[in-house]
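Data block below; observations after.
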Amino acid sequence: MLVGLAYDLKDTLAVTPGCPEDIAEEYDSVETVNLITASLSSLGHTVLHLGGGTGFLHNICSITDIDIVFNISEGRGNHPGREAQVPSVLEMCNIPYTGSPPQCLSICLNKPLTKQILAASGIITPKWIIIKNEKDLDSIQWEGLRFPLVAKPAHEGSSIGIHSKSVAYDVNEVKMICESLINSYNQEVMLEEYIHGEEVTVGIVGFETPQVLGIMGIKPKANHDMFMYSIEVKRDYVNLVDYECPSLLPEDVLDNIKNISLKTFNILGCRDMARLDFRLDDSLTPYFIEINPLPGLGNHSDLVIMSDLLGIKHRKLIDMILSSACQRYPKCILK
Ligand SMILES: Nc1ncnc2c1ncn2[C@@H]1O[C@H](COP(=O)(O)OP(=O)(O)OP(=O)(O)O)[C@@H](O)[C@H]1O
Ligand SMILES: [Mg+2]
């Protein structure tokens, strides 16, 4: 097949003075684009780089024989719906693509909205509130929340704005962290109760009958009471984190996590792939933290690390995602 690759490179985002240094963390590296290209080529496909932004628009309008677009584009601008930009254009042009539809991508990048939808379906998630602006901080009923609290930008990924110091132990600390986040990231802040205990991330692949690829424990190498898989830790994961996959949690706990993950994937309308994060409390009850319908597919991404530990090569992972998408498009299956 002729496979178009839609992506946004880190260096397409101008990091201007005053802008947080992690602002381009969601965007992909040339290394990741090359890795996916190599995997697609090794599967026998011809790969066409479409890029992102207006370059993508130009390319997609001028090339007529693309069979499917492999989409890893994060989208442009500080918009909670930015990940939906490329799939929306592709739907408008009637071009097949991998991954979740615009509605799903827009919802999932909005962490509080996602939690609200899931909580309404009985999925357990830490208690949270939204801080829209600094004034909101003066009208909060703090007694209703259990400290410590985690403060995070409401519409980001890759731990943008999430540091070891994002955990607040009292009202003054919360106010300081929230003010700094609101000013730096220009968006709402979500305050969430901190869940002590093990962290796991869950990979899902598939369309009509999605399957859990694996459940991976994320364990700090050094004993750590208040572990956060923060941006600093993600950047230095080789020295700071041990990954346990398959997870050694008890079978019944793993089954519960699997069921909740698949239910979440279906409720949110995900397709082809996703990665979900949970924290477990003392009784091993999983608390949903967030879902990534557009998970990283580079060598340093959790889904790829998980696949590696399970003996699934990168090209196989890419093949699973592409084959899952092709189920929706009969003309792709025939190629
Ligand atoms: N309520 C919480 N309790 C405990 N730890 C938390 C909580 N919320 C976030 N964390 C920690 O912060 C990390 C990053 O948070 P989160 O997954 O929400 O960010 P993200 O930017 O969406 O991540 P990703 O890189 O997976 O896209 C989590 O992996 C977890 O270690
Ligand atoms: Mg996460």
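There is a side-chain donor-acceptor pair under 3.5 Å between S39 and H314. For the 3.5 Å distance criterion, the side chains of S29 and T32 qualify, holding a donor opposite an acceptor. The closest side-chain donor-acceptor pair between N239 and D236 falls under 3.5 angstrom. Defined by atom type and a distance below 3.5 Å, a donor-acceptor pair is missing between the side-chain atoms of D308 and Y243. For the residue pair D272 / T98, no side-chain donor-acceptor distance below 3.5 Å is found, with atom types taken as modelled. A donor-acceptor contact closer than 3.5 angstrom is absent between the side chains of E74 and Q85.
I218 and I215 end up in different hydrophobic clusters when Ile, Leu, Val, Met, Phe, Trp and Tyr side chains are linked at under 4.5 Å. Under the 4.5 Å side-chain heavy-atom criterion for grouping Ile, Leu, Val, Met, Phe, Trp and Tyr, V205 is not connected to I291 through any hydrophobic cluster. A chain of hydrophobic side-chain contacts below 4.5 Å, direct or via other Ile, Leu, Val, Met, Phe, Trp or Tyr residues, connects I23 to V189. Transitive grouping of hydrophobic side chains (ILVMFWY, heavy atoms separated by less than 4.5 Å) keeps L35 and Y7 in distinct clusters. With hydrophobic clusters built from ILVMFWY side chains whose heavy atoms lie under 4.5 angstrom apart, Y287 does not share a cluster with I162.
Counted within 6.0 Å of NE2 on H49, heavy atoms from surrounding residues, nucleotides or ligands total more than 12; the atom is thus considered enclosed. Few gaps surround NZ on K221; more than 12 heavy atoms of other groups in view lie less than 6.0 Å from it. Around the CD atom of Q103, the shell of radius 6.0 Å holds no more than 12 heavy atoms that belong to other residues, nucleotides or ligands. Shown here is D242, whose CG atom has more than 12 heavy atoms of other residues, nucleotides or ligands within 6.0 Å.
Judged by distance alone, the side chain of D22 and the main-chain N or O of E25 form no donor-acceptor pair under 3.5 Å. Put simply, the side chain of K263 gets close to the backbone of S121: a donor and an acceptor are under 3.5 Å apart. Using modelled atom types, no side-chain atom of R279 and backbone atom of I289 make a donor-acceptor pair closer than 3.5 Å. A side-chain donor-acceptor contact under 3.5 Å links S100 to the backbone of R271. Checking side-chain atoms of N78 against main-chain N and O of N186 turns up a donor-acceptor pair under 3.5 Å. No side-chain donor-acceptor contact under 3.5 Å links T12 to the backbone of D8. Counting only distance, with no hydrogens or angles, the side chain of N110 and the backbone of P80 share no donor-acceptor pair below 3.5 Å. For Y97 (side chain) and G4 (main-chain N/O), no donor-acceptor pair under 3.5 Å exists by modelled atom type. Within the 3.5 Å criterion, the main-chain N or O of M320 finds no donor-acceptor partner in the side chain of S324. Under a 3.5 Å cut-off, the side chain of K115 and the backbone N or O of K127 do not form any donor-acceptor pair.
Y194 and V150 get closest at one heavy-atom pair: CD1-CG2, 3.6 Å. Across S247 and L254, no two heavy atoms sit closer than the pair OG-CD2, 3.6 Å. Residues L137 and K175 approach most closely at O-CE, 3.6 Å, considering heavy atoms. Residues H155 and Q187 come closest through the heavy atom pair N-OE1, 2.7 Å. Closest of all the heavy-atom pairs between D302 and Y229 is OD1-OH, 2.7 Å. Residue F207 comes nearest to P210 through the heavy atom pair O-CD, 3.2 Å, listed as atom of the first residue, atom of the second, then distance.
The structure places CG of N71 at 12.0 Å from CD1 of I95, a figure rounded to the nearest 0.5 Å.
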Give the intermediate values and the outcome of salt bridge (Lys or Arg N to Asp or Glu O under 4.0 Å) for residues D28 and K10. CA-CA 6 Å; D28 281 295; K10 284 188 194 297; over 6 Å; no

Begin from the C-alpha positions of I60 and L90 and carry the test side chain to side chain contact (heavy atoms under 4.5 Å, CB included) through to its verdict. CA-CA 8 Å; I60 205 70; L90 294 170; 3.8 Å; yes

Show the numbers, then the answer: is there a salt bridge (Lys or Arg N to Asp or Glu O under 4.0 Å) between K152 and E290? CA-CA 12 Å; K152 42 184 160 180; E290 56 111 22; over 6 Å; no

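The residue from V174, L191, L181 that alone fulfils the side-chain contact (heavy atoms from CB on, under 4.5 Å) condition with I131 is L191.
Proximity of I257 to L249: side-chain heavy atoms (C-beta onward) are separated by under 4.5 Å at one or more points.
Relative orientation of the F288 and F278 rings is perpendicular, given thresholds of 30° and 60° on the angle between their planes.
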